[in-house]
Amino acid sequence: MVKEKLGTAVFISGRGSNFKNLINFSKKKNSPIVIKLLISNNKYAKGISYALNNKIKKKNFDFKNSKKAEKLALDILKKNKIKLICLAGFMKILSKNFIKKFKGKIINIHPSLLPKYKGLNTHARVLMNNEKFSGCTVHFVNSKLDSGQIILQKKIKIKKRDTIRSLERKILKEEYKIYPKAITKILSKN
Ligand code: GRF
């Protein structure tokens, strides 16, 4: 019996390269998800173009009033029968109340070896501290920044000549691999 693909929403704020990667993943025959909705908090986010190109419904909410934005988001998530939320470069922190409504069904990707280097400007801080390794992490979202239970992590070696840009590039490549893997991992347990 073919299992029905899980209705998924992706939340972004900017470039959206992970969103694009997740769209490609969702189109694979064995993918457990179908991306039905893009939510952004920035109407100029470059990643919105991937929703347009792939005929994915998109909504922009101004999170300056986050309570209102979350309420509107919850409505549309419900309407579209969304069961999984993937944050991908979404620069807002979701409230406890919102997270409760999707308990265990919101995940995020972060470009560091969590619990190290939560928050912004990860690569710059990693290089400044002369770390030998960095990487990326997919984790469940809780109400604290970059702090939920880890699902998958990939470590990479830092070279002496690495810069913020080269490190970002190397880590993004790994992000594109582990985000789909992490989704498959959590959904295969259902
Ligand atoms: C990625 O490095 C992701 O790990 C972090 O924000 C960046 C988003 O990049 N949360 P993109 O918008 O997916 O290209």
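Excluded from the calculations below are hydrogen atoms, water molecules and symmetry mates; all remaining heavy atoms, backbone and side chain alike, are included. The shown structure was predicted, so the numbers you read here are calculated from the model rather than taken from an experiment. In listed order, ligands and their atoms are each counted from 1.
With hydrogens left out, the protein atom closest to atom 1 (C) of ligand 1 is Glu175 OE1, 3.2 Å, a heavy atom. For atom 8 (C) of ligand 1, the closest non-hydrogen atom on the protein side is Gly89 CA, 3.7 Å. In this structure, the protein non-hydrogen atom closest to atom 9 (O) of ligand 1 is Arg15 NH2, 3.1 Å. Regarding atom 10 (N) of ligand 1, its nearest protein heavy-atom neighbour is Ile109 O, 2.9 Å.
Asn129 and Tyr117 share a side-chain donor-acceptor pair at under 3.5 Å. Asn142 and Ser147 share no donor-acceptor pair across their side chains, judged by distance under 3.5 Å alone.
Side-chain rings of Phe11 and Phe63 stay apart, their centers remaining 6.0 Å or farther from each other.
Within the set Ser17, Cys136, Ala88, Pro111, the minimum heavy-atom distance to atom 5 (C) of ligand 1 is found for Pro111.
Atoms OG and CG, from Ser49 and Leu38 in turn, are 10.0 Å apart once rounded to the nearest 0.5 Å. Between Ser95 atom OG and Lys101 atom NZ the span is 8.0 Å, to the nearest 0.5 Å. If you take NZ on Lys170 and CG on Asp162, they are separated by 3.5 Å, rounding to the nearest 0.5 Å.
For ligand 1, the polar-atom distance check finds no N/O of Tyr176 at less than 3.5 Å from any of the ligand's N/O atoms.
Put simply, part of Gly16 is less than 4.0 Å from ligand 1, judged by heavy atoms.
For Glu168, no heavy-atom contact with ligand 1 is shorter than 4.0 Å.
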